[in-house]
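Heads up, the thing below is written out as structure tokens.
For reference, positions follow the sequence shown, starting with 1.
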Amino acid sequence: MCSRCIMDTTDKNISFNGDGVCNHCLEAEIKMPQYYFSKTQAEKNIENLGLKIKKKKRGEYDSIIGLSGGCDSSYVAYLAWEMGLNSLCVHFDNGWNSETAVSNIKKIVDGCGFDLITYVIDWPEFRDLQRAFLKASVIDIEMLTDHAHKAATLKFCKKYKIKYVLAGNSYTTEHGLPHSWSWNKQDAKQIKAIHHKFGEIKLKSYPFLGMLKFLILNHSEIGPTYVPILNKITYKKNEAINKLQKKFHWEYYGGKHFESVFTKFYQAYILPTKFNIDKRKVHLSALIRNNEITRQEALNELKLPLYDENEYRMEREFVLKKLGFTQNEFNNIMQQPPISHESYASQLKYFKLIINIAKRIKGKI
């Protein structure tokens, strides 16, 4: 384990210097200062961004926000409201919303006066995809939601002529996720390959977005501009939660991305049980580097069980029933060894080539 944070060798690519400090901490030590701003500079950053976004308004809305009901996206909406933007909030409903998430979304859009569109994905198709990924034994089941969310966002950008997407990415609170713990979210080829092998129904409406189209849109003026607005301020997770609670009576849901019932079960049971991965190590380590908690506080948190036993039994029963697995079927899946995403067809080897092409296109526009 790192002597500064709590990341350890469950990240198979981790490395340590002579003082036992991991590569994630050493990288953050160099990069973190560029994400820290004085109050005056942060206010100026937000003010200038707001003016820039308003200037490029082409339709009814000047920006779009993917709103999950979680802390990061809710705080993005709060900042947009402070800037006086007329943002369109889009919620991606994949069938796994918690009651807390639904309540938080309503509080945010009502408090900010924003319009909300809920994109409801076809549940039988999405369930079949999640079943297929579980059967495939790959680690990044959540890429199904992330991929579809990105595709839906671009669809609404085009429909409403929106130039700016206000994203909830935050370097200070998310830095350090091991590459081996996830997969490229835009790998439509892999989603189709795994579904072809393990799926049971035909996909008719799942919003695929090919990697080539995504990269061209992201690296040229053709598509919308993604703005990680939380990187324009000195973002502190605990401060954001306190402000949201005071301003909107927003409720915390207990863990990063636990606003989704499936994500909670995935992170608190599937990942640690099958893949020996506890994502709290990443999240808590980022908070240590961001000076929000001490290393000892993180170690104490890590000693706590991921699930209350009664809560685990109820949520396991709910998730299995919703996905259509018997106890035996799910147990067999969990007992299968993890399989690398690289074992299935993918667009990985074309990724760098496409990025270079997209950058050249951007240079000519």
In one Ile/Leu/Val/Met/Phe/Trp/Tyr side-chain cluster, 4.5 Å: Ile141, Tyr307:
yes
Same cluster or not: are Val138 and Phe198 linked, directly or through other Ile, Leu, Val, Met, Phe, Trp or Tyr residues, by side-chain heavy atoms under 4.5 angstrom apart?
yes
Should the pair [X] and [Y] be assigned to parallel (<30°), tilted (30 to 60°) or perpendicular (>60°) ring geometry?
X: Tyr78; Y: Phe248; value: perpendicular
X: Tyr160; Y: Phe156; value: parallel
X: Trp123; Y: Trp96; value: perpendicular
X: His341; Y: Trp183; value: parallel

I need the minimum non-hydrogen distance between Lys237 and Leu287, along with the two atoms involved.
CB-CD2, 4.0 Å
Minimal heavy-atom distance between Ala286 and Thr173, with the atoms involved, is CB-O, 3.4 Å
Hey, does [Y] have a side-chain heavy atom less than 4.5 Å from the side chain of [X]?
X: Lys274; Y: Ser137; value: yes
X: His91; Y: Asn97; value: yes
X: Ser68; Y: Phe92; value: no
X: Cys157; Y: Val165; value: yes
X: Asp122; Y: Lys204; value: no
X: Thr263; Y: Thr145; value: no
X: Ile233; Y: Tyr75; value: yes

Within 45° of the axis and under 6.0 Å from the centre of the six-membered ring of [Y], does NZ or CZ of [X] qualify?
X: Lys52; Y: Tyr164; answer: no
X: Lys192; Y: Phe208; answer: yes
X: Arg316; Y: Phe265; answer: no

Do other residues, nucleotides or ligands put more than 12 heavy atoms under 6.0 Å from the CD atom of Glu43?
yes
Please, which pairs that meet side chain to side chain donor-acceptor pair (under 3.5 Å) have at least one residue in residues 102-118, sequence neighbours excluded?
Tyr61-Asp115, Lys106-Asp110, Lys107-Glu251
